[in-house]
Visitor: 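Below are the C-alpha cells for one structure; questions will follow.
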Amino acid sequence: MHLEEFSEGTSLFHRLDPRVKFVTFLPYVLLIAFSDGIRVPVLALALSASMTVLARIDVRKLASRLAAVNVFVLLLWVVLPFSYPGREVFQVGPLVATREGISLCGSITLKTNGIVLATIAMLGTSDVFSLAHALVHLRMPKKLVYLFFFFYRYISVLHEEYVKLKRALSVRAFRPRTNLHTYRTYAYLIGMLIVRSYDHSQRIYHAMLCRGFTGRFPVITHFHMHGRDYVFGFGMVLLTVCLFILMSHGR
Amino acid sequence: MHISEGVLSAPVLVAGAVFSAAGVAIGLKKMRYERIPEVAVLSSAFFVASLIHVPVGPSAAHLVLNGLLGLLLGWMAFPSIVVALALQALLFQFGGFTVLGVNTFLMAFPALVAYLVFSPLLKSTHFGVVVVAAFFSGVTGIAGGAILIGVALVFTGEGFLNVAKVILLAHAPIMVIEGMITGFCILFLKRVKPEILEVVR
C-alpha cells in the first residue's frame with residue numbers, strides 16, 4: 001500500500017514548512033467551502049490548479065484522484081437539476097431541469113475540485129509524519145496526534161495481515177457471493193483482523209513501557225522557517241483576503 | 001460513507017464541527033495514555049476492513065463497520081473515526097477537511113448510540129441475545145449515518161430532499177449486511193477473545 005504518493009518531490013511546495021502550509025490551508029479551503037455562486041469558486045479552482053502545477057504533481061495520478069472524487073458530484077448532477085425548484089431550462093421525459101439546480105451543481109463541482117486540488121498541492125506534498133509533527137506544534141491535543149500517528153503507522157501492518165487472511169481464504173477456494181456464508185466468512189475475517197490488531201497493540205504497549213515512554217516522542221528533524229515560508233504564508237493570506245473581499249462584495 | 005466537500009452550507013459545516021469536537025474531546029478524556037496503542041491499532045484494523053467490498057447481488061458495497069466500532073470503543077469511536085477520516089482527507093481526498101466535522105459526526109454518533117443502547121446486552125451469556133444486539137448495532141450504524149447525511153443535506157437546502165431519499169434507499173441493503181457481519185463478528189470475538197469487548201471499560 002503506497003499511501004503518500006504525492007509527498008516525494010523537490011518543488012517549492014515540498015520544501016515549505018508544514019506548519020505554514022496548515023495555517024494557510026485551513027482558512028483558504030474553508031473560504032471555498034463557504035462561498036457560493038460561480039465567481040469565487042472559479043477563481044479558487046484556477047488558483048488551486050496553478051498550485052498543483054507549481055508543486056509539479058504528476059498529471060496522470062492527479063486525474064485518477066479527481067475522477068474518484070467526482071463520483072459523488074456525478075450523483076448530484078443526475079438528481080439535483082431535476083429536483084431543485086426554479087425556472088425550467090429543458091425537459092427529459094417527465095423530468096424538468098431547472099436553471100437554479102444546474103447552477104448549484106456547477107458551483108458544487110467547482111468548489112469540490114478546488115478544495116481537492118488545494119489539499120493535494122498543499123498537504124499532499126508533505127509526508128504524514130511531518131504533518132503530525134506540525135500538528136503538535138499547532139497545539140493539537142497530543143493524545144489525538146499520537147493516536148493518529150500509531151493509527152497511520154499500523155495500517156500497512158494490518159493490511160499485510162488482511163492480505164494473508166485473504167490468501168488463506170482463496171487457497172480454500174472461497175468465492176464471495178450474495179449469501180450468508182460469504183458474510184459470515186467476512187465477519188470472521190474482520191474478527192481475526194481485530195484479534196491480531198489487539199495482539200499488536202499489546203506488544204506496542206509493552207515496547208513503550210520498556211523504553212520508558214513518558215508521553216513524548218523525541219524527533220531528530222526540527223522545523224525551521226525560511227524566507228520562502230514567510231513569502232508563501234504572506235501570499236496565501238493576501239489571496240485568501242482578496243477572495244474573501246470578492247465574496248462579501250457584489251455578486 | 002461521507003459527504004464531499006463544497007456541498008454543504010456554512011451553518012451545517014460549523015454545527016458538524018462543533019458536535020464532533022465535543023465528541024472527540026470526551027473520547028480523548030476517556031482514553032488514557034496507555035490505551036492509545038489499543039485504540040490506534042484497532043482503528044487501523046477498521047480502516048483496512050473498510051476496504052473490503054462485499055457482494056450485494058450484482059453489485060458490491062464496501063463496509064463501514066461504525067456500529068461494530070462503537071460497540072468496541074464507545075465514546076472513543078469519535079477520536080478513532082476522526083483520525084481515520086483525516087487520513088482519508090489527506091491521502092485520498094475522500095471527504096475532506098472542511099467536511100471533517102460533519103463526516104465524523106455522521107459516523108461516530110450512530111456508533112455511540114449503538115454502544116449506549118446495545119453494548120450492555122453483549123454481556124449476556126445467551127448467544128441469541130448477543131447476536132440480535134450486535135445485528136441491530138450494525139443496522140443502527142448505517143441507518144443513523146444515512147439519516148444524518150439526509151439531515152445535513154436538507155438543512156443545506158430543501159432542494160436536496162430527493163437526493164437525501166435516494167441516499168437513504170441506497171443504504172437499505174448495506175444496513176442488513178452490516179447487521180449480519182456485526183452479529184457474526186461479535187459472536188466470533190466473544191468466543192475467541194472476549195477481553196477485546198472489555199476495551200471500553
Side-chain angles (χ1 to χ4, degrees), chain A residues 3-4 26 29-30 32-34 65 68-69 72-73 76 79-80 83-85 101 104 108 111-112 115-116 119-120 123-124 128 131 141 143-144 146-148 150-152 154-155 157-159 162 176-178 180 182-184 186-188 190-191 193-195 197-198 200-201 204-205 208 215, chain B residues 3-7 10 13 24 28 31 33-34 36-45 47-49 52 54-57 63 65 68 72 79-80 82-84 86-87 89-94 96-99 157 159-163 166 177 180-185 188-189 192-193 196:
Chain A
L3 291 170
E4 299 160 89
L26 274 183
V29 290
L30 282 177
I32 304 179
F34 290 172
R65 274 307 160 80
V69 170
F72 184 78
V73 174
L76 290 181
V79 184
L80 211 50
S83 63
Y84 210 79
L104 181 65
I108 289 174
K111 283 159 67 176
T112 304
I115 297 174
V116 167
T119 312
I120 294 175
L123 300 185
V128 171
L131 288 174
K143 275 185 188 172
L144 194 60
Y146 293 168
L147 181 69
F148 178 78
F150 278 119
F151 156 71
Y152 176 66
Y154 279 87
I155 287 176
V157 176
L158 267 296
H159 189 254
Y162 167 65
R177 294 206 175 81
T178 307
L180 205 60
T182 301
Y183 299 141
R184 182 164 50 210
Y186 275 125
Y188 289 173
I190 293 161
L193 214 53
I194 290 172
V195 168
S197 80
Y198 183 79
H200 269 293
S201 73
I204 299 166
Y205 176 57
M208 284 163 74
Chain B
I3 304 180
S4 300
E5 291 185 287
V7 178
L13 292 177
V24 170
L28 286 181
M31 182 175 71
Y33 265 100
E34 58 265 34
I36 295 176
E38 243 167 70
V39 179
V41 186
L42 208 58
S43 310
S44 321
F47 191 83
V48 171
I52 301 176
V54 295
V56 188
L63 297 172
L65 300 172
L68 183 60
L72 297 187
S80 165
V82 84
V83 292
L87 189 75
L90 198 63
L91 300 176
F92 309 120
Q93 287 80 42
F94 282 166
F97 285 100
T98 62
V99 273
F160 280 106
L161 194 60
N162 285 329
V163 181
V166 171
I177 291 168
M180 289 193 283
I181 289 188
T182 308
F184 283 128
C185 194
F188 177 85
L189 290 176
V192 175
K193 200 116 182 158
I196 292 180

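Fair warning: this is a prediction, and the values are worked out from it, not measured in the lab. Below, read A as the first sequence line, B as the second, and so on, with proteins coming before strands; counting in each chain starts at 1.
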Visitor: Side chain, backbone, both or neither: which part of B:Val192 has a heavy atom under 4.5 Å from chain A?
Guide: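 Just its side chain gets close to chain A.
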Visitor: How about B:Val83 and A:Phe150: do any of their side-chain heavy atoms sit closer than 4.5 Å?
Guide: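 When only atoms from C-beta onward are counted, A:Phe150 and B:Val83 do not touch, as no gap falls below 4.5 Å.
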Visitor: Mind ranking B:Ile36, B:Asn162, B:Leu13, B:Leu65 by heavy-atom pairs under 4.5 Å with chain A and telling me who comes out on top?
Guide: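 Counting heavy-atom pairs under 4.5 Å, the top option is B:Ile36.
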Visitor: Does any part of the side chain of B:Phe97, heavy atoms only, come nearer than 4.5 Å to the side chain of A:Ile115, both counted from C-beta?
Guide: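 Of all side-chain heavy-atom pairs linking B:Phe97 with A:Ile115, none is under 4.5 Å.
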Visitor: Using a cut-off of under 4.5 Å for heavy-atom pairs, which of A:Val128, A:Leu131, A:Leu76, A:Leu80 has the most such pairs with chain B?
Guide: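 Maximum pair count with chain B is reached by A:Leu80.
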Visitor: Quick one: of A:Leu144, A:Leu30, A:Val195, A:Leu104, who has the most non-hydrogen atom pairs under 4.5 Å with chain B?
Guide: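 It is A:Leu144.
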Visitor: Do A:Leu147 and B:Met31 make a side-chain contact, defined as non-hydrogen atoms from C-beta onward lying under 4.5 Å apart?
Guide: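 Yes, close enough: below the 4.5 Å cut-off.
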Visitor: Just do the ring pair (Phe, Tyr, Trp, His ring centres under 6.0 Å) check on A:Tyr183 and B:Phe184 with the steps written out, would you?
Guide: CA-CA 8 Å; A:Tyr183 299 141; B:Phe184 283 128; 8.8 Å; no
Visitor: Go through the atoms of B:Ile177 and report whether side chain, backbone, both or neither lie under 4.5 Å from a heavy atom of chain A.
Guide: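 Contact with chain A: side chain only.
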Visitor: Who wins among A:Leu123, A:Ile190, A:Val79 for the most heavy-atom pairs under 4.5 Å with chain B?
Guide: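 Ranked by heavy-atom pairs under 4.5 Å with chain B, first place is A:Ile190.
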Visitor: Taking the side chain as C-beta and beyond, is there a heavy-atom pair between A:Phe151 and B:Val41 under 4.5 Å?
Guide: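 Heavy-atom side-chain distance check fails, nothing below 4.5 Å.
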Visitor: Holding to side chain to side chain donor-acceptor pair (under 3.5 Å), I want the full list of residues that pass it with B:Thr182, two or more places apart in sequence or in another chain.
Guide: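 Partners of B:Thr182 under the side chain to side chain donor-acceptor pair (under 3.5 Å) test: none.
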Visitor: Taking C-beta and beyond as the side chain, do A:Tyr162 and B:Ile52 meet within less than 4.5 Å on heavy atoms?
Guide: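 Yes, close enough: below the 4.5 Å cut-off.
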Visitor: Within this structure, what is the OG-NE2 distance for the pair B:Ser44 and A:His200, rounded to the nearest 0.5 Å?
Guide: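 One finds 10.0 Å between OG of B:Ser44 and NE2 of A:His200.
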Visitor: Kindly write out the residues that satisfy side-chain contact (heavy atoms from CB on, under 4.5 Å) with A:Tyr205, not counting sequence neighbours, or none if the list is empty.
Guide: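 Applying side-chain contact (heavy atoms from CB on, under 4.5 Å) to A:Tyr205 gives A:Leu209, B:Glu34, B:Pro37.
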Visitor: Give, as side chain, backbone, both or neither, the part of B:Leu161 having an atom under 4.5 angstrom from any heavy atom of chain A.
Guide: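 When you check distances to chain A, no heavy atom of B:Leu161 falls under 4.5 Å.
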Visitor: Between B:Ala86, B:Gly183, B:Ala84, who has the most heavy-atom pairs with chain A when the cutoff is under 4.5 Å?
Guide: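 The candidate making the most pairs under 4.5 Å is B:Ala84.
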Visitor: Pick from A:Ile32, A:Val73, A:Leu180: which one has the most heavy-atom pairs with chain B under 4.5 Å?
Guide: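 Looking at each of A:Ile32, A:Val73, A:Leu180 in turn, A:Leu180 comes out on top.
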Visitor: In the structure I gave you, are the side-chain heavy atoms of A:Thr182 and B:Pro55 within less than 4.5 Å of one another anywhere?
Guide: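 Answer yes - side chains close enough.
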Visitor: Considering only heavy atoms and a distance below 4.5 Å, find which of B:Pro79, B:Gly157, B:Ala40 pairs most often with chain A.
Guide: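 Option with the top pair count is B:Ala40.
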Visitor: About how many Å separate OH of A:Tyr188 and CD1 of B:Ile181, when rounded to the nearest 0.5 Å?
Guide: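 The CD1 atom of B:Ile181 sits 12.0 Å away from the OH atom of A:Tyr188.
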Visitor: Quick check on A:Arg184 against chain B: is it the side chain, the backbone, both or neither that has a heavy atom closer than 4.5 Å?
Guide: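 Both backbone and side chain of A:Arg184 come within 4.5 Å of chain B.
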Visitor: Hey, does the side chain of A:Lys143 reach the backbone of B:Leu28 with a donor-acceptor pair shorter than 3.5 angstrom?
Guide: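 Answer holds: yes.
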Visitor: For the residue pair A:Ile194 and B:Cys185, establish whether any side-chain heavy-atom pair is separated by less than 4.5 Å.
Guide: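 Of all side-chain heavy-atom pairs linking B:Cys185 with A:Ile194, at least one is under 4.5 Å.
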Visitor: Tell me, side chain or backbone of A:Pro141 under 4.5 Å from chain B's heavy atoms, or both, or neither?
Guide: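 For A:Pro141, the side chain is the part near chain B, not the backbone.
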Visitor: Measure the OG-CD1 distance between A:Ser197 and B:Ile196 for me, rounded to the nearest 0.5 Å.
Guide: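 A:Ser197 OG to B:Ile196 CD1: 6.5 Å, rounded to 0.5 Å.
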